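Residue numbers begin at 1 in each chain, while the letters A, B, ... track the order of the sequences. It should be emphasised that the depicted structure is a prediction, and the values quoted were computed from it without experimental measurement.
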Number of protein chains: 2
Amino acid sequence: MILKNISVDCVIFGFRNDKLNVLLWQAEPELLEKFLTTKEEYEQIKIIFEKNPALRSDNYWGLIGTHLPSEEDLDGYAKKVLQTATGLDEVYLKQFKTFGAINRVPHLRALTVAYYALINPDYHDLKLSPIAKAVKWFDINNLPDVIFDVKEIIENALKKLREEVQYHPAGFHLLPEKFTLTQLQTMYEVILDKKLDTRNFRKKIQNMGLLIDTNQKQTHVAHRAAKLYSFDVNIYRHLVEEGLNFRI
Amino acid sequence: MILKNISVDCVIFGFRNDKLNVLLWQAEPELLEKFLTTKEEYEQIKIIFEKNPALRSDNYWGLIGTHLPSEEDLDGYAKKVLQTATGLDEVYLKQFKTFGAINRVPHLRALTVAYYALINPDYHDLKLSPIAKAVKWFDINNLPDVIFDVKEIIENALKKLREEVQYHPAGFHLLPEKFTLTQLQTMYEVILDKKLDTRNFRKKIQNMGLLIDTNQKQTHVAHRAAKLYSFDVNIYRHLVEEGLNFRI
DNA sequence: CCAAAAGTGTTAGACCTACACCCATGA
DNA sequence: TCATGGGTGTAGGTCTAACACTTTTGG
């Protein structure tokens with residue numbers, strides 16, 4: 001049975017073309033049905049859609065998420081929603097805040113437990129999204145019209161992400177498996193919204209010991225080819241344990 | 001009307017006698033009644049108590065909190081619960097995590113949105129707690145038997161607090177208005193669970209510019225009297241904005 | 001050979017760590 | 001006058017910030 005007062009929403013961040021993007025969708029109850037386990041859940045979701053016409057509008061976008069079924073763990077369900085919507089299994093996913101203002105959703109008292117996910121765009125295939133009418137990446141600085149308090153949720157997610165990348169090496173999850181130092185720097189610049197000094201950035205990042213030199217280089221670029229690095233998961237884990245200063 | 005699937009709980013930290021304490025209570029529906037707005041809410045709370053005998057046991061303690069009424073904002077209600085239970089108005093209160101494992105409460109599918117509060121013990125008068133059977137401070141290292149997943153919630157709160165005091169000057173809220181540098185250092189030592197070097201600690205803390213010398217000293221102590229400091233709220237705010245490195 | 005981005009080193013100042021003794025107070 | 005905790009300085013090492021030119025690649 002659906003808990004109609006509780007939903008789970010994911011702010012999915014992706015880093016592509018030197019921009020930070022968010023994945024939004026337009027949901028449709030008929031498509032969601034495949035994802036739900038009982039007829040009853042489906043009927044309840046349908047009622048929620050009927051009461052909120054914005055949910056069906058082609059002009060408004062929403063966060064990927066649904067109401068929480070009573071037989072699902074909160075964290076497990078967030079993961080499941082993300083997996084179904086994106087096809088991705090091993091994703092960095094973090095609960096960051098629960099929103100519960102009284103009128104955040106019209107005609108319904110619902111809290112949403114919000115998560116953010118960091119996605120490596122290499123592995124994201126948008127065709128995998130069987131439960132939505134539309135799914136699309138939007139530049140964080142150029143969001144479309146959104147339903148309810150989605151704007152506020154995204155802004156909060158960005159704020160938390162900004163904090164997190166300064167104290168944890170979480171940002172690596174936004175990059176492809178092999179990346180250049182310039183990509184890494186740009187990612188930090190975009191998230192923190194400030195320019196960084198290239199020489200100092202490289203020194204600092206290389207001193208952390210997180211980088212593994214893959215001995216490969218970019219190819220087919222019209223300039224000196226950059227070296228490709230991957231990052232060392234063991235040292236990453238160790239740094240997370242320690243609690244590190246990642247201020248850049 | 002009570003949202004029976006959602007509760008709000010506060011992990012209330014206090015720092016007294018060089019120990020970090022948590023305030024727990026034993027709730028009783030008859031006393032909670034005064035706090036609830038409708039008869040219906042009261043009936044619902046009573047049913048929840050009937051289904052969970054541990055809630056009435058004298059041997060088990062719980063976090064201060066109740067189910068969320070549908071007409072209350074989430075954050076506002078957390079504040080209200082805290083205020084009613086402790087009599088305190090201006091308290092540092094922070095939402096830190098929502099717990100939603102499927103069997104966290106027997107016979108009831110309920111999430112709890114958990115907050116932690118930092119309390120200056122000077123202003124805490126335990127007599128003010130009209131809605132509980134019992135309210136008591138417990139040393140964080142010596143907790144009593146607790147109901148449900150309260151232990152896990154407290155552990156999570158402590159972990160978050162530990163993170164927070166390293167990056168924000170939040171810890172000051174645990175001290176009385178005028179405090180000694182030794183108190184401040186002990187507070188950090190207790191929260192971070194490690195010894196700090198006194199000279200280095202003082203240098204670092206004094207360089208931050210947060211401290212105001214009150215030109216007062218301890219009295220009636222059987223050793224050299226320590227200077228009393230207060231902390232500068234404006235610089236505090238400024239540091240919070242900036243995002244600071246408070247690692248100690 | 002040109003355009004474009006990759007890659008690199010030094011210096012001055014700030015900050016961090018480790019470490020041991022004298023001081024003020026009340027009993 | 002003693003016991004107790006308060007209060008202080010220095011030196012060596014590490015980290016940070018500021019700054020400009022050469023290298024490699026494909027077109």
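- If you take NZ of Lys204(B) and C1' of dT17(C), they are 12 Å apart, rounded to a whole angstrom.
- Here CZ of Phe201(A) is found 8.5 Å from OG1 of Thr186(A). Values are rounded to the nearest 0.5 Å.
- Between Leu93(A) and Cys10(A), the closest heavy-atom pair is CD1-SG, 4.4 Å.
- Note: CZ (Phe201(A)) to P (dC15(D)) measures 17 Å, nearest angstrom.
- Between Lys151(A) and Glu155(A) there is a salt bridge, since a side-chain N of the basic residue sits under 4.0 Å from a carboxylate O of the acidic one.
- Classification of Arg162(A) and Asp193(A) as a salt-bridged pair fails, no side-chain N sitting under 4.0 Å from a carboxylate O.
- In this structure, His220(B) atom NE2 and dA27(C) atom P are separated by 9 Å, rounded to whole Å.
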Polar atom pairs (N or O), protein with nucleotides 5-11 of chain D, under 3.5 Å:
| residue | atom | partner | partner atom | Å |
| --- | --- | --- | --- | --- |
| dG6(D) | OP1 | Thr182(B) | OG1 | 2.9 |
| dG6(D) | OP2 | Thr182(B) | OG1 | 3.2 |
| dG6(D) | N2 | Arg224(B) | NH1 | 3.4 |
| dG7(D) | OP1 | Lys227(B) | N | 2.7 |
| dG7(D) | OP2 | Arg202(B) | NH1 | 3.3 |
| dG7(D) | OP2 | Arg202(B) | NH2 | 3.3 |
| dG9(D) | O6 | Arg199(B) | NE | 3.3 |
| dG9(D) | N1 | Arg199(B) | NH1 | 3.4 |
| dT10(D) | O4 | Lys203(B) | NZ | 2.8 |

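- In this structure, the CG atom of Leu184(A) is 12 Å from the P atom of dG7(C), given to the nearest Å.
- In summary, Lys94(A) and Glu164(A) engage in a salt bridge, as defined by a charged side-chain N under 4.0 Å from a carboxylate O.
- One interatomic measurement links the two molecules: CD of Glu189(A) to P of dA5(C), which rounds to 14 Å at whole-angstrom precision.
- Rounded to whole Å, atom C1' of dA24(C) lies 18 Å from atom CD of Gln216(B).
- No hydrogens or angles considered: a donor-acceptor pair under 3.5 Å links the side chains of Lys203(A) and Asn200(A).
- If you take CG of Asn207(A) and P of dT16(D), they are 9 Å apart, rounded to a whole angstrom.
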